[in-house]
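Once you've had a glance at the structure underneath, I'll fire off some questions.
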Amino acid sequence: MSLAPETTAPRWIALWPAGMLGLFFLVPFGIMLAVSVAHRDMGGFYTWAFEWNSYARFLSAFFGKVMAVSLGVSLTAGAICVALAFPFTVFLSGMGAKAQTRVLVTLLSVLALSEVIIGFALSTILSQTAGIGNIFYWLGLIDAPQAFAPSLFALILGLCYIGFPFAVLVLYPPVSRLDPEIVEAARVMGASGPRAFFGVIVPNLRGAIVGAFILVFVFTLGSYLLPQLLGRSEHWTLSVHITDQAIYQSNLPFAAAMSVFLMLVALSLVGLASLAGRDRGAK
Amino acid sequence: MTRVLKTTYVVVILLMLLAPLAVVAAVSLNGAQSLRFPPRDLSLRWYGELFQQSEWLVPLAHSLIIAACAAALAVVIALPLALYAWERRGLMARLLTGLGLAPFTLPPVISALGFMIFWMTLGGYGQIYATILSHAIFLVTLPLVTISLGLGGLDRALIEAARVMGANRWTVFRTVIAPLLLPYVISGYAFAFVLSLNEYIIAYMVAGFTVETLPIKIFNALRYGYTPILAVVSVIFAALSALIFGLIGKFGNLPALLGAERIGK
């Protein structure tokens with residue numbers, strides 16, 4: 001019998017994906033890095049140079065405010081999403097396979113929806129003519145039907161709307177892997193439902209919860225359309241400003257510098273999340 | 001907590017997620033050009049209107065072409081990558097996997113700006129193939145994750161058996177691995193397809209002014225006021241996503257695909 005090769009796939013098979021990802025992901029990144037230190041040309045483009053001018057603008061009050069808004073809004077939305085999604089996921093993983101599949105299909109369908117559609121749907125439901133304002137008016141809570149968007153409240157609601165299904169899907173694998181016998185044991189020992197939940201389930205999944213919170217935070221940080229559709233211009237996030245600088249202000253170096261900054265923030269957060277998920281993740 | 005309370009919690013949250021879509025579905029039935037809820041003069045007029053206006057049909061065609069091609073290319077890149085990384089633990093395997101996961105993990109605006117500058121430099125800016133390639137790279141993560149899951153669940157004994165019987169690599173792949181992997185390849189394709197269809201910022205920054213996709217068209221139309229036709233498009237998109245994920249749920253093991261281990265074994 002001839003010696004069969006150890007692996008199923010030959011080594012050279014990696015050349016094609018490596019080439020594609022290298023050319024179309026790493027090279028664009030490299031160019032972006034180079035542009036972030038290029039010199040801004042008033043003509044709309046840039047000339048190659050090596051200067052820190054675009055990064056120096058981070059020290060301005062404008063940028064500080066943008067960062068504060070971006071981080072504040074996303075942190076709030078991330079916290080609300082995880083607080084709602086964690087019990088949801090625990091209950092979900094206790095359901096039958098068929099019910100779980102149905103709930104997951106619903107969540108995936110909502111998650112996949114374009115932000116523009118979600119923004120449109122939410123601004124409709126918060127509007128004067130078709131919105132919940134009418135219900136409040138009808139109930140006698142307010143004097144006249146009113147619109148609730150655009151506002152900071154509407155923006156955070158929108159971010160929670162996109163963040164919630166994401167939070168459930170991030171929490172789903174560790175939660176569904178948690179040994180049901182641990183909870184069973186606690187119940188047998190006489191712990192009440194809520195006591196078993198906070199005393200056994202939550203501590204066992206602390207790492208997963210922190211990890212999910214950070215990932216949802218990064219996810220909402222990337223939202224681009226909701227701040228424009230549901231918020232006012234003072235609620236614009238970093239993502240909106242990057243696009244605005246690149247396309248409407250024709251300041252590619254500044255846009256690239258902000259993008260590099262956002263990437264560093266996101267990468268370190270994602271690294272933190274995977275560390276958090278590792279230490280006490282249920283296994 | 002009792003079973004009823006748990007189920008109520010799950011159902012109430014799902015209803016809250018579905019409420020805005022239900023309102024949109026209702027306002028899409030307005031007869032006149034206004035977004036009233038409850039709708040007045042019920043009619044399907046705007047559904048017919050959508051399929052007659054080239055203003056909407058062209059972006060719809062763009063979106064479908066881009067999604068179909070980008071998802072296919074994403075699978076073609078992800079499959080060999082997953083196969084390579086499957087049985088290898090080296091630095092190269094981990095690096096490549098990381099590279100495949102990165103575009104989707106980072107805030108999309110970063111990739112979008114990278115692609116925009118890249119295509120401006122190379123000359124593809126504003127072309128449909130630039131959008132397709134950019135989407136394919138951005139979405140590689142999805143088929144990579146589903147195919148890797150499928151490979152992880154393969155029974156090694158089957159492969160060993162085929163090898164002992166004298167099958168070479170290609171025969172093993174064709175007769176043993178490929179048929180077992182097919183459902184995971186298809187769901188990876190479907191995930192990438194749906195997300196490409198709904199993706200806005202990359203499509204916008206790479207070719208938004210020349211190749212209008214449906215999400216871009218909706219956003220542009222929103223500036224000129226809200227009309228029932230926007231609601232119609234939203235309903236169709238939501239229904240399409242639900243249909244595709246519903247099919248995956250029916251014919252595949254969705255909980256396992258999303259990382260649950262205790263189900264369906």
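To find a chain, count down the sequence lines: A is the first, B the second, and so on, and within it residues start at 1. Note that this is a predicted model, so its numbers are computed, not measured.
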* To do: Counting only heavy atoms closer than 4.5 Å, note whether Y224(A) contacts chain B via side chain, backbone, both or neither.
  => side chain
* **Any F118(B) side-chain heavy atom under 4.5 Å of M32(A) side chain** => no
* Under 4.5 Å, heavy atom to heavy atom, which residues of residues 263-270 of chain A contact chain B? ->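 At a heavy-atom separation under 4.5 Å, chain B is reached by M263(A), A266(A), L267(A), V270(A).
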* Structure fact -> Greatest number of non-hydrogen atom pairs under 4.5 angstrom with chain A, of I159(B), L99(B), I248(B), falls to L99(B)
* Output the distance between atom CG (L133(B)) and atom CZ (F25(A)), rounded to the nearest 0.5 Å. => 14.5 Å
* Asked: Residues two or more places apart in sequence or in another chain: which of them pass side-chain contact (heavy atoms from CB on, under 4.5 Å) with V194(B)?
  -> A112(A), N198(B), S241(B), I244(B), F245(B)
* To do: To the nearest 0.5 angstrom, please state how far the CG atom of L230(B) sits from the OG1 atom of T124(A).
  =>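 L230(B) atom CG to T124(A) atom OG1 measures 8.5 Å (nearest 0.5 Å).
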* Which atom of M205(B) lies closest to which atom of A246(A), heavy atoms considered ->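 In terms of heavy atoms, the two residues are closest at CE-CB, 3.9 Å.
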* **Contact class of W170(B) relative to chain A, heavy atoms under 4.5 angstrom** =>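 Neither; nothing under 4.5 Å.
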* To do: Work out which heavy atom in P28(A) is nearest to a heavy atom in G114(B); give both atom names and the distance.
  =>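 Minimum heavy-atom contact is CB-O, 3.6 Å.
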* Asked: How far does CG of L21(B) sit from CD1 of I125(A), to the nearest 0.5 angstrom?
  ->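 Reported value, rounded in 0.5 Å steps: 9.0 Å.
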* **S234(B) versus chain A, the contacting section by heavy-atom distance below 4.5 Å** => both
* Asked: Where does I177(B) contact chain A at under 4.5 Å (heavy atoms): side chain, backbone, both or neither?
  ->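 Interface part for I177(B): side chain.
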* Within a radius of less than 6.0 Å around CZ of F198(A), do more than 12 heavy atoms belonging to other residues, nucleotides or ligands occur? ->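 Counting other residues, nucleotides and ligands, CZ of F198(A) stays at 12 neighbours or fewer.
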* **Heavy-atom contact with chain B under 4.5 Å, split by part of F29(A)** => side chain
* If you tally heavy-atom pairs under 4.5 Å against chain B, which of L15(A), L21(A), T106(A), I31(A) wins? -> L21(A)
* **Side chain, backbone, both or neither of F138(B) within contact of chain A (heavy atoms, under 4.5 Å)** =>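 No part of F138(B) comes within 4.5 Å of chain A.
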* Taking the side chain as C-beta and beyond, is there a heavy-atom pair between F88(A) and V12(B) under 4.5 Å? ->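 Not in contact.
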* To do: Could you check which of I13(B), V172(B), T7(B) has the highest count of heavy-atom pairs closer than 4.5 Å to chain A?
  =>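 Of the options given, most contacts go to I13(B).
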* Which bit of I118(A) is near chain B, if near means a heavy-atom gap under 4.5 Å: side chain, backbone, both or neither? -> neither
* **L252(A) side, atom CG; L113(B) side, atom CG - distance, nearest 0.5 Å** => 6.5 Å
* To do: Please look at A256(A) and chain B and tell me whether the side chain, the backbone, both or neither of the residue comes under 4.5 angstrom of a heavy atom of that chain.
  => both
* Can you say whether F164(A) sits under 4.5 Å from chain B via the side chain, the backbone, both, or neither, judging by heavy atoms? ->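 It is the side chain, since no backbone atom gets that close.
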* Distance, nearest 0.5 Å, that separates CD1 of I218(B) from CZ of F120(A) -> 8.5 Å
* Of all of A121(A), A99(A), G19(A), which one pairs up most often with chain B through heavy atoms under 4.5 Å apart? ->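 With the most close heavy-atom pairs to chain B, the winner is A121(A).
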* Residue selection (most heavy-atom pairs with chain B, distance under 4.5 Å) from V240(A), V35(A), L225(A) ->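 Option with the greatest count: L225(A).
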* Structure fact -> Counting heavy-atom pairs under 4.5 Å with chain A, the top scorer among I110(B), V24(B), I117(B) is I110(B)
* **chain A contact via A231(B) - which portion, at a heavy-atom distance below 4.5 Å** => both
* Toward chain B, the part of S239(A) with a non-hydrogen atom under 4.5 Å -> both
* CD1/I247(A) to CE/M116(B) distance, rounded to the nearest 0.5 angstrom? -> 5.0 Å
* Validation row: L108(A), L258(B) side chains within 4.5 angstrom (heavy atoms) -> yes
* Asked: Given the options G246(B), G166(B), P215(B), A85(B), which has more heavy-atom pairs under 4.5 Å with chain A than any of the others?
  -> P215(B)
* Asked: Is it the backbone or the side chain of Y200(B) that comes under 4.5 Å from a heavy atom of chain A, or both, or neither?
  ->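 The side chain, not the backbone.
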* Asked: Where on V76(B) is there a heavy atom nearer than 4.5 Å to chain A: the side chain, the backbone, both, or neither?
  -> both
* For the student: nearest non-hydrogen atoms of G94(A) and R3(B), plus distance ->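 It is O-NH2, 3.7 Å.
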* Do the side chains of Y84(B) and W12(A) get nearer than 4.5 Å, heavy atoms only? -> no
* Asked: With only heavy atoms counted, which part of I242(A) is less than 4.5 Å from chain B, the side chain, the backbone, both or neither?
  -> side chain
* Structure fact -> Max heavy-atom pairs within cutoff under 4.5 Å with chain A, candidates L14(B), L195(B), L122(B), goes to L14(B)
* **Heavy-atom pair with the smallest gap, counting every atom of R169(B) and A9(A)** =>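 Minimum heavy-atom separation between R169(B) and A9(A): NH2-O, 4.0 Å.
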* Structure fact -> Per-residue tally against chain B (heavy atom, under 4.5 Å) across G222(A), S223(A), G22(A) peaks at G222(A)
* So, Y161(A) side chain and L17(B) main chain: donor-acceptor pair closer than 3.5 Å or not? ->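 Judged by distance alone, yes, a pair lies under 3.5 Å.
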* **Heavy-atom proximity to chain B below 4.5 Å, by part of L107(A)** =>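 The answer is the side chain of L107(A).
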* Is there a side-chain contact between Y204(B) and T243(A), using heavy atoms and a 4.5 Å cut-off? -> yes
* To do: Side chain from CB out, backbone as N, CA, C, O: work out which of these in M16(B) comes under 4.5 Å of a heavy atom of chain A, or both, or neither.
  => backbone
* **Structural part of R11(A) lying under 4.5 Å from a heavy atom of chain B** => both
* Which bit of S134(B) comes within less than 4.5 Å of chain A, counting heavy atoms only: side chain, backbone, both or neither? -> neither
* Asked: In terms of ring plane angle, is the pair W119(B) and F24(A) parallel, tilted or perpendicular, where the classes change at 30° and 60°?
  ->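 Parallel.
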* To do: Looking only at non-hydrogen atoms, find the nearest pair between M20(A) and I137(B) and report the distance.
  =>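 Shortest heavy-atom contact: O-CD1, 3.9 Å.
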* **Residue V10(B) versus chain A: region with a heavy atom under 4.5 Å** =>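 For V10(B), heavy atoms of backbone and side chain both lie under 4.5 Å from chain A.
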* Structure fact -> Heavy-atom nearest pair, Y9(B) first then A83(A), reads OH-O, 4.4 Å
